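Below you'll find the structure, written out as structure tokens, and then a few comments.
Numbers for residues simply follow the sequence, beginning at 1. Predicted model, so just to flag it, every value in this text is computed and none were measured.
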Amino acid sequence: MSYEFRELLKKVGSGPHTSENLTRQESETATRLMLLQEATPAQIGAFMISHRIKRPTGEELAGMLDAYDALGKKLPPIASKIPVMVMCNPYDGRSRTAPLSPLVAIVLAAAGVPVVLHGGDRMPTKAGVPLIELWDGLGVNWKTVSLEQIHAILQQTGLGFVYLPHHFPLAQGLVEYREQIGKRPPFSTLELMWNPYAGESHLICGYVHPPTEGMFRDAFALRGTTLFTTVKGLEGSCDLPRDRTAIIGMAAGEKFDRLTLVPRDYGFAAKELPLVSNEDLIDQMRAAMRGEPSELMQATIWNCGFYLWRAGACTSLESGFSQAQAILELGQAERKLQQVIHAIEACCSVLSN
């Protein structure tokens with residue numbers, strides 16, 4: 001049993017009137033002890049549920065991120081004029097609406113905006129469709145390559161995916177506790193703001209509840225993260241909604257601007273695409289990459305137009321929408337997908353030889 005951890009657990013688990021917030025250093029220590037499994041299973045489970053009831057602070061999340069940085073490997077920097085866009089989606093996936101992130105990432109990479117995503121397999125509590133299953137369906141097997149190889153693929157193609165079970169097994173080791181406690185612990189907030197890339201980056205953080213955005217901002221201010229975008233997205237993802245106003249926060253340096261995008265103003269208003277089987281969704285994604293008109297294609301253009309503009313790859317939202325549409329209609333997205341597949345196959349071929 002870790003007596004150091006027990007003292008930290010006492011602080012967060014003493015009830016609504018006497019519990020205390022941890023300092024950044026204390027939070028880093030607690031997270032490190034959990035990642036290394038030096039705390040006992042009983043201590044880890046108790047901390048997770050107590051911390052959820054208390055609610056994490058921005059300072060505590062900053063300390064948790066410090067531990068992730070200390071114990072998790074990161075992708076080395078690549079040569080890029082545009083900061084790498086790191087898109088942070090909930091690890092427990094989607095259960096109601098169709099995920100767009102793989103298709104959006106492909107289009108952005110085809111436009112010269114490098115993108116990194118991260119996540120794992122089906123995960124509690126929602127156990128919805130994770131991004132890795134969609135990548136698998138598209139023929140992109142991120143599970144087979146090392147972090148060093150992903151760095152090379154990112155440099156070559158502008159796309160990368162950090163697969164938690166393979167590339168950060170210490171964090172994967174805490175997943176089973178999420179199932180056992182039956183509630184999302186603070187680690188589910190952490191995954192929306194973790195950056196597995198070591199170079200100049202632009203974090204995209206999806207969220208559901210408005211207070212979460214405030215915690216993002218507090219933690220980033222403490223850690224010196226100055227380039228990030230927050231999105232009140234579909235099921236907490238980075239996907240912009242089409243049936244309601246998109247609420248977005250944009251930080252650059254010391255500035256933080258609020259942007260509200262009304263889909264109707266740009267001709268993109270529609271009902272959200274319902275979640276279908278992986279096979280049907282993959283078919284729709286492939287059709288969109290062939291430039292075949294559909295609601296999925298429109299949703300992709302809506303998202304990509306914003307992200308291209310936000311990345312500085314175009315001068316206006318309208319030009320971003322036009323560029324995204326052209327990339328799909330001209331087959332550039334399909335060619336980018338094939339480039340990524342071939343790059344992974346080449347890495348695996350070298351490894352097998």
Side-chain angles (χ1 to χ4, degrees), residues 31 35 62 64-91 101-102 104-121 130-132 134-136 138 140-173 187 190-206 219-220 223-229 237-238 307 310-313 336-337 339-348 350-351:
T31 305
L35 287 170
M64 296 173 77
L65 288 170
D66 292 342
Y68 265 50
D69 285 350
L71 296 176
K73 294 181 180 179
K74 291 200 173 194
L75 291 166
I78 63 169
S80 175
K81 295 180 180 179
I82 297 177
V84 170
M85 190 168 276
V86 180
M87 307 190 84
C88 305
N89 293 283
Y91 285 1
S101 289
V104 170
I106 291 167
V107 173
L108 293 177
V113 178
V115 180
V116 168
L117 300 104
H118 53 93
D121 299 312
L131 298 182
I132 194 68
L134 301 180
W135 284 115
D136 286 345
L138 289 169
V140 184
N141 191 351
W142 295 111
K143 300 176 183 178
T144 60
V145 285
S146 67
L147 207 63
E148 292 74 16
Q149 290 170 325
I150 292 174
H151 170 251
I153 294 165
L154 177 64
Q155 180 70 72
Q156 180 183 346
T157 70
L159 265 178
F161 188 94
V162 175
Y163 178 55
L164 204 70
H166 190 180
H167 304 127
F168 196 179
L170 291 179
Q172 176 66 24
F187 287 97
L190 199 68
E191 67 205 24
L192 301 176
M193 50 196 307
W194 176 50
N195 187 354
Y197 175 71
E200 186 180 5
S201 58
H202 180 171
L203 276 174
I204 312 295
C205 307
F220 290 153
R223 286 173 49 85
T225 300
T226 57
L227 180 59
F228 62 91
T229 298
S237 73
C238 301
Y307 285 119
R310 177 68 176 124
K336 175 58 65 175
L337 173 63
Q339 183 191 23
V340 174
I341 292 172
H342 293 154
I344 291 177
E345 289 175 346
C347 286
C348 293
V350 170
L351 188 64

**Item:** Trace of the side-chain contact (heavy atoms from CB on, under 4.5 Å) decision for V162 with L75
**Value:** CA-CA 9 Å; V162 175; L75 291 166; 3.8 Å; yes
**Request:** In sequence, state the C-alpha distance, the side-chain angles, and the governing distance for I106 and L138, and then conclude on side-chain contact (heavy atoms from CB on, under 4.5 Å).
**Result:** CA-CA 11 Å; I106 291 167; L138 289 169; 4.3 Å; yes
**Item:** Verdict with reasoning, V86 to H202, per side-chain contact (heavy atoms from CB on, under 4.5 Å)
**Value:** CA-CA 6 Å; V86 180; H202 180 171; over 6 Å; no
**Request:** Take L227 and S201, measure what side-chain contact (heavy atoms from CB on, under 4.5 Å) needs, and give me the verdict at the end.
**Result:** CA-CA 7 Å; L227 180 59; S201 58; over 6 Å; no
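The shortest side-chain heavy-atom distance between F220 and C205 falls under the 4.5 Å cut-off. V116 is not listed as a side-chain neighbour of N195, based on a closest heavy-atom distance of 4.5 Å or more. In this structure the side chain of F187 reaches within 4.5 angstrom of the side chain of T31, judged on heavy atoms. Using a 4.5 Å heavy-atom threshold, the side chains of F228 and M193 count as separate. In this structure, V140 and I344 have side chains that are in contact, with non-hydrogen atoms separated by less than 4.5 Å. At a threshold of 4.5 Å between non-hydrogen side-chain atoms, the residues H166 and L147 do not count as touching. Looking at heavy atoms from C-beta onward, L108 lies in side-chain contact with M85 at the 4.5 angstrom threshold. Side-chain contact check for L164 versus W194: some heavy-atom pair is nearer than 4.5 Å.
Contacts of K143 classified as salt bridge (Lys or Arg N to Asp or Glu O under 4.0 Å), with partners at least two apart in sequence or in another chain: D121, D136. The side chain to side chain donor-acceptor pair (under 3.5 Å) search around R310 returns T229, not counting sequence neighbours. For L192, the side-chain contact (heavy atoms from CB on, under 4.5 Å) partners two or more places apart in sequence, or in a different chain, are P90, F216.
When all heavy atoms are compared, the tightest approach of I82 to A313 is CD1-CB, 4.3 Å. Closest heavy-atom contact between G119 and P165: O-CD, 4.4 Å. Counting all heavy atoms, side chain and backbone alike, I132 lies closest to G120 at CG2-O, 3.2 Å. Closest approach of C238 and C88 over heavy atoms only: SG-O, 3.4 Å. For the pair G160 and I150, the tightest heavy-atom approach, listed with the atom from each and the gap, is CA-CG2, 4.0 Å. Summarising the geometry of C347 relative to Q149, their closest heavy-atom pair is O-NE2, 3.4 Å, with the distance given to 0.1 Å.
One finds the OH atom of Y68 at 5.5 Å from the CG atom of L35 (value rounded to the nearest 0.5 Å). Interatomic distance, CG of L159 versus CG of L337, reported as 9.0 Å (0.5 Å rounding). With rounding to the nearest 0.5 angstrom, the CG atom of N89 is 10.5 Å from the CD1 atom of I204. Rounded to the nearest 0.5 angstrom, Y197 OH and L203 CG are separated by 12.0 Å. Note that NE2 of H342 and OG1 of T157 are 12.5 Å apart. Values are rounded to the nearest 0.5 Å.
Ring centroids of H118 and F168 are separated by 6.0 Å or more, keeping the two rings apart.
Side chain of H151 to backbone of P77: a donor-acceptor contact under 3.5 angstrom is found. Q155 places a side-chain N or O within donor-acceptor distance of the main-chain N or O of A79, the cut-off being under 3.5 Å.
A tilted orientation is assigned to the rings of Y163 and F161, their planes being inclined by 30° to 60°.
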